[in-house]
Amino acid sequence: MYQYFEGSFPEGRELSFEGAEAYMGENAACALRIPLEGSGMEGADRYFLSLEPYPGGAMISNEIKDENSEPAYVENGVIVCPLTSALTSTGSLRIQLSAVFGEKTMKSGVGKIEFGESICGGGKPFKTAEDDIFARLDSLSQRVSALENSESENPDFDFTAAAVCAVLTFESGEETPVYFEEDDAAASAKLNEILALPDFGEAKKYTVASGSALYVITINGGAPAINAYRGREMLEYLKTEVMN
C-alpha cells in the first residue's frame with residue numbers, strides 16, 4: 001500500500017502537493033496522487049508527467065490514458081504515479097502535468113516535493129535497467145507526441161533529431177543528465193549553469209538538446225570540454241556512443 005503525496009490545483013492549473021513523508025532514495029513506497037477535478041485538464045485524451053529530480057535531468061512518465069496504463073495510470077479522474085529511487089534520490093522533485101486534447105497540449109504549473117535525509121545520506125541509490133529504460137523510452141515518447149500534436153505546420157525537426165539523439169545516448173540520471181531547451185539562448189544558459197557547478201558536478205557527461213544542435217559536456221583530466229553536434233555530426237556521434 002502506497003503512502004500518497006496528494007496533489008491539488010488551488011489556483012487554476014497551479015499544482016501543489018502535501019501529505020506523505022518520504023526519504024531520499026526511497027523506492028516504490030510512495031506515489032503521487034493527483035485528482036484532476038478543478039484543474040481544467042479533465043477529460044484529456046492522454047496525460048504525461050514531467051518529473052525532474054533536482055538537481056538532475058528531467059524524466060517523462062509513460063503515456064497515461066486509463067486505469068490499464070503502467071506504471072502511472074488514471075482512474076476515476078485521479079492520476080497515480082509510483083515514485084522510484086531514481087525520482088527521490090536528490091531530495092527534491094519537481095512535477096508538471098501535461099494534458100493532450102487532440103492536437104493541443106495543456107500544461108500545469110510546476111509542483112515541488114522535498115524528501116527527508118535518510119540513512120544513505122544522499123548517496124547514490126542502486127539503479128535498475130527498468131529505471132533507465134523508463135527514462136529513455138518515455139522521454140522519446142513525449143518528444144514524438146509533442147511533434148505529432150504540434151500546432152505548427154512546420155515542426156522543428158532539428159530539435160526532434162537532437163532530442164532523440166540525447167535520449168538514445170542517455171545512461172542514467174546521475175551519470176549522464178539530459179536537458180531539453182527550447183532555443184539557443186536557453187541552451188547557452190543551461191551550459192553556463194552546468195559549468196558553474198562545483199568541480200563541474202559528479203556526472204561523466206551532460207547533454208543539452210536545443211533547436212540547432214546537440215551540446216555535450218565531458219570532463220577530460222578535470223577540465224570540461226564542450227562539443228556541438230549538428231546534422232550528420234549527430235549521426236556520427238550516435239554511431240560512436242550507441243553502436244560501438
Side-chain angles (χ1 to χ4, degrees), residues 1-10 14-36 39 47-64 67-98 107-142 167 170-180 194 197-198 201-204 206:
M1 178 66 70
Y2 291 123
Q3 297 184 67
Y4 290 105
F5 285 99
E6 295 284 347
S8 63
F9 298 89
E14 292 303 313
L15 180 58
S16 65
F17 288 92
E18 60 181 22
E21 182 177 20
Y23 297 91
M24 292 174 64
E26 192 160 318
N27 185 69
C30 294
L32 306 178
R33 186 177 183 276
I34 308 175
L36 295 167
S39 68
Y47 298 92
F48 293 93
L49 284 167
S50 298
L51 303 157
E52 182 184 18
Y54 185 80
M59 302 179 187
I60 308 299
S61 76
N62 57 291
E63 183 180 63
I64 306 169
E67 66 276 9
N68 297 314
S69 301
E70 294 183 345
Y73 62 91
V74 57
E75 185 175 19
N76 298 324
V78 178
I79 290 175
V80 177
C81 179
L83 297 180
T84 66
S85 59
L87 296 173
T88 63
S89 61
T90 66
S92 181
L93 180 65
R94 298 196 290 199
I95 305 107
Q96 184 176 45
L97 177 65
S98 297
K107 293 187 176 183
S108 74
V110 178
K112 187 175 182 180
I113 294 174
E114 300 288 343
F115 303 105
E117 291 188 7
S118 68
I119 195 168
C120 71
K124 295 181 180 179
F126 290 109
K127 288 199 168 51
T128 66
E130 182 180 353
D131 288 333
D132 285 346
I133 291 171
F134 178 84
R136 287 175 185 239
L137 297 185
D138 290 329
S139 291
L140 179 57
S141 172
Q142 173 72 340
V167 170
F170 172 86
E171 294 178 28
S172 79
E174 290 186 351
E175 294 184 356
T176 64
V178 174
Y179 302 93
F180 302 98
I194 294 168
L197 292 171
E202 297 182 358
K204 66 181 183 181
Y206 298 84

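This chain uses plain numbering: 1 for the first residue, then up along the sequence. Hydrogens, waters and symmetry mates play no part in the numbers below; they use all other heavy atoms, side chains included.
Distance OG/Ser8 to CG/Leu36: 12.0 Å, rounded to 0.5 Å. Taken from CG in Leu32 to CD in Glu6, the straight-line distance is 10.0 Å, to the nearest 0.5 Å. To the nearest 0.5 Å, the span separating CD on Glu75 from CG on Asn68 amounts to 9.0 Å. To the nearest 0.5 Å, atom CD1 of residue Ile95 and atom CG of residue Leu83 are 7.5 Å apart. Atom OG of residue Ser39 and atom CG of residue Leu97 lie 7.0 Å apart, to the nearest 0.5 angstrom. Interatomic distance, CZ of Phe180 versus CD1 of Ile60, reported as 7.0 Å (0.5 Å rounding).
When every heavy atom of Asn62 is checked against every heavy atom of Pro71, the shortest pair comes out as OD1-CD, 3.2 Å. Between Arg33 and Val80, the shortest heavy-atom contact is CG-CG2, 4.4 Å. The two residues Gln96 and Ser108 come nearest to each other via the heavy atoms NE2-O, 2.8 Å. Nearest approach of Pro53 to Ala86, heavy atoms of both residues: CG-O, 3.4 Å. Nearest approach of Ser85 to Asn27, heavy atoms of both residues: N-OD1, 2.8 Å. Residue Leu49 comes nearest to Ile79 through the heavy atom pair CD1-CG2, 4.1 Å, listed as atom of the first residue, atom of the second, then distance.
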Practice prompt. Apply the test side chain to side chain contact (heavy atoms under 4.5 Å, CB included) to residues Lys112 and Ser92: give CA-CA distance (whole Å), side-chain angles for both, the deciding distance (0.1 Å), then the verdict.
Written response: CA-CA 7 Å; Lys112 187 175 182 180; Ser92 181; 3.1 Å; yes

Worksheet item: Passes side chain to side chain contact (heavy atoms under 4.5 Å, CB included), Phe9 versus Leu15? Steps please.
Response: CA-CA 5 Å; Phe9 298 89; Leu15 180 58; 3.8 Å; yes

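Counting heavy atoms of neighbouring residues, nucleotides and ligands inside a 6.0 Å radius, atom CD of Glu18 does not exceed 12 of them.
Between Phe5 and Phe115, the angle of the ring planes goes over 60°, which puts this pair in the perpendicular group of the 30/60° scheme.
A 4.5 Å side-chain heavy-atom check between Leu51 and Cys81 finds at least one atom pair inside the cut-off.
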